Trainee: 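Below is a structure I'd like to ask you about.
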Number of protein chains: 4
Amino acid sequence: MARGINKAILVGNLGNDPETKYTQGGMAITKISLATTSVRKDRDGNPQENTQWHRVTFFGKLGEIAAEYLRKGSQVYVEGEIRYDKYTGQDGVEKYFTEIVANEMQMLGGRGEGGGGGGGDRPSRPQRQESAAPRRQPSSQSSPPPADDFSDDDIPF
Amino acid sequence: MARGINKAILVGNLGNDPETKYTQGGMAITKISLATTSVRKDRDGNPQENTQWHRVTFFGKLGEIAAEYLRKGSQVYVEGEIRYDKYTGQDGVEKYFTEIVANEMQMLGGRGEGGGGGGGDRPSRPQRQESAAPRRQPSSQSSPPPADDFSDDDIPF
Amino acid sequence: MARGINKAILVGNLGNDPETKYTQGGMAITKISLATTSVRKDRDGNPQENTQWHRVTFFGKLGEIAAEYLRKGSQVYVEGEIRYDKYTGQDGVEKYFTEIVANEMQMLGGRGEGGGGGGGDRPSRPQRQESAAPRRQPSSQSSPPPADDFSDDDIPF
Amino acid sequence: MARGINKAILVGNLGNDPETKYTQGGMAITKISLATTSVRKDRDGNPQENTQWHRVTFFGKLGEIAAEYLRKGSQVYVEGEIRYDKYTGQDGVEKYFTEIVANEMQMLGGRGEGGGGGGGDRPSRPQRQESAAPRRQPSSQSSPPPADDFSDDDIPF
DNA sequence: TTTT
DNA sequence: TTTT
């Protein structure tokens with residue numbers, strides 16, 4: 001029986017373009033690195049800028065949407081669950097990492113670049129060399145998953 | 001300028017009694033280990049109980065309140081900020097840990113006694129040395145507490 | 001396309017037993033009156049207890065669960081959407097009311113009883129007939145429940 | 001003693017420019033009308049766009065910041081408390097309204113236009129007849145409150 | 001690594 | 001009344 005609430009609510013900006021992989025079953029797994037910056041007081045009481053970098057993971061349909069619409073610099077609202085994971089590195093040492101498994105996502109800031117097709121009237125954002133990596137065409141979400149295994153080194157990224 | 005939202009909202013139960021320390025300046029720093037259990041689907045689609053153990057830290061007055069009122073097994077609402085920290089262990093290896101720095105706390109479950117056990121009334125404010133004293137053993141919460149959370153060398157502060 | 005976030009997060013106590021109706025299609029619609037009390041400063045800066053009574057509505061399966069497990073005095077976590085509705089009363093006057101349409105619910109307080117009490121194992125959940133039995137008077141929550149919430153002509157559905 | 005959680009988390013767009021008044025004591029009270037749009041299923045299961053208009057009130061310093069930076073069309077994150085209020089109209093009839101009393105606000109959408117009065121370099125958004133109502137010049141937040149009473153007809157707006 |  |  002469900003017991004407890006574990007919810008993260010984030011608004012921040014992507015530090016990089018999303019990374020997407022597909023499971024053998026064809027499910028998208030998209031990961032982003034999300035910065036949330038706030039002002040905190042340090043031990044001396046001085047205000048100080050503080051940035052936390054969240055690893056956010058989107059599964060399935062949400063992963064496809066994130067892959068299609070989010071880009072480096074995008075501002076986004078994310079809601080999800082905090083997960084503390086552990087894995088054994090190649091050096092045999094146990095490593096810990098924390099991720100936010102998203103269950104809700106909302107792009108912020110107007111149409112916010114990213115996006116698919118042309119014709120937009122408000123490109124504003126940097127739009128860096130998106131052409132660099134030919135992304136699968138993001139038609140709706142019917143895009144056939146590339147035959148791409150979900151290997152161990154996918155996570156953690 | 002503040003930029004972004006970084007908020008955790010948790011409802012869960014303490015795996016152990018709180019641990020409180022005081023800075024030289026006399027500020028309380030209380031840490032708890034908080035379990036949130038939910039039902040998730042595993043990779044095969046089967047529902048599966050999933051427990052996350054959060055390290056939650058309370059500073060100052062909130063730390064004193066947490067120390068006074070929370071006990072192993074207590075159910076509590078916590079709101080705070082997710083912080084990803086890194087430190088270098090005695091073995092010279094960088095270690096990562098994540099904590100929730102609480103800014104709001106609310107005891108749940110009636111008057112709240114934490115654990116079931118002992119007949120003691122609510123003890124007065126935490127004394128500094130109180131950590132030495134063995135606290136009543138808190139039945140009611142059968143889930144095994146995470147191994148040796150919050151020992152001194154675990155979390156540097 | 002979804003645009004915006006509209007989320008209420010509540011922890012409070014029921015002022016009355018839930019009221020459940022069923023649509024012709026057999027879908028449960030359960031309504032509760034939920035009190036959240038906090039300390040606020042009034043205009044003069046004096047701290048003052050402040051109770052808000054939320055009308056919370058649960059649809060479908062969640063409505064059935066709420067009907068089964070919640071009772072007057074129960075403490076509950078609710079997450080939902082804020083809805084501002086309007087209807088025309090029998091007097092021809094437009095009336096406004098606000099409700100929280102829940103999409104997540106979590107019973108709080110361990111056994112549901114307030115109080116710490118006995119070392120017993122966790123008894124099973126409240127049965128339906130339990131309402132007959134005089135429940136503990138919800139101490140701690142002295143504020144009177146709102147008058148006759150959720151009568152038929154109150155809320156049109 | 002505080003008891004309960006009453007939290008609204010909103011991301012939406014302003015339907016109009018903010019309205020600001022000052023109490024006799026000089027405290028700013030800024031109100032906005034905030035739209036949150038989402039997709040919901042109606043009773044027939046058809047997806048349907050749904051917009052809720054929230055009345056959000058900012059007090060004090062937050063009210064000054066909101067007045068300075070927010071404008072019609074601005075996208076904003078707001079966190080606050082849900083308040084159900086009642087007043088007696090001039091017709092002697094009791095009226096109810098609900099507002100969100102904000103305790104946190106975050107502008108979204110990049111530089112977000114808005115900004116101060118004339119001559120700005122960043123006007124992008126429609127900026128409809130903002131000239132209609134001469135706004136106090138929003139210098140930082142030191143702007144001296146106009147000798148403007150906070151009269152009864154200010155609220156509800 | 002983002003953003004302001 | 002906003003936005004997409």
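Because the structure is a prediction, the values reported are computed rather than measured. Naming convention: chains lettered A, B, ... in sequence-line order (proteins, then strands); numbering from 1 in each chain. Side-chain atoms are counted along with the backbone in the values below, which use heavy atoms only and exclude waters and symmetry mates.
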Trainee: Run the salt-bridge test on D/Glu49 and C/Arg3 with the 4.0 Å N-O cut-off and return the result as yes or no.
Mentor: no
Trainee: Nearest to the side chain of A/Asn13, which nucleotide is it out of F/dT1, E/dT2, F/dT3?
Mentor: E/dT2
Trainee: Output yes if the stacking criterion (under 5.5 Å between centres, under 30° between planes) is met for D/Trp53 over the base of F/dT2, else no.
Mentor: no
Trainee: Round to the nearest Å and state the distance from D/Tyr77 atom OH to E/dT3 atom P.
Mentor: 21 Å
Trainee: Would you confirm whether D/Gln75, through its side chain, and A/Gly109, through its main-chain N or O, come within 3.5 Å as a donor-acceptor pair?
Mentor: yes
Trainee: Does this structure show an ion pair linking A/Glu99 with A/Lys31, if we count only N-O contacts that are shorter than 4.0 Å?
Mentor: yes
Trainee: Consider the side chain of D/Lys72, meaning its heavy atoms from C-beta on, and name the nucleotide among F/dT1, E/dT1, F/dT4 that approaches it most closely.
Mentor: F/dT1
Trainee: Just call it for D/Thr51: base, sugar-phosphate, or nothing, with non-hydrogen atoms closer than 4.0 Å on any strand.
Mentor: base
Trainee: Without decimals, in angstroms, what is the distance between A/His54 NE2 and E/dT1 C1'?
Mentor: 13 Å
Trainee: Report yes if a donor N or O on one partner sits less than 3.5 Å from an acceptor N or O on the other, where the partners are the side chain of D/Asn16 and the base of F/dT1; otherwise report no.
Mentor: yes
Trainee: Shortest non-hydrogen contact from A/Glu64 to A/Thr30?
Mentor: N-OG1, 4.5 Å
Trainee: Can you tell me which nucleotide in E/dT2, F/dT3, F/dT2 comes closest to the side chain of A/Ala35?
Mentor: E/dT2
Trainee: State which of F/dT4, F/dT2, E/dT3 makes the closest approach to the side chain of D/Glu49.
Mentor: F/dT4
Trainee: Salt bridge check: are B/Glu79 and B/Lys7 linked by an N-O gap of less than 4.0 Å?
Mentor: yes
Trainee: Expressed in angstrom and rounded to an integer, what is the separation of D/Asp17 atom CG from F/dT2 atom C1'?
Mentor: 12 Å
Trainee: Whole Å only: how far is the CG atom of A/Asn50 from the P atom of E/dT4?
Mentor: 18 Å
Trainee: Rounded to whole Å, please give me the gap between CD1 in D/Ile32 and P in F/dT1.
Mentor: 17 Å
Trainee: Within this structure, what is the CD1-to-P distance between C/Ile5 and F/dT4, rounded to whole angstrom?
Mentor: 16 Å
Trainee: Whole-Å distance between F/dT4 C1' and A/Leu108 CG?
Mentor: 13 Å
Trainee: Let me know the distance between CD of D/Gln75 and P of E/dT3, rounded to the nearest Å.
Mentor: 17 Å
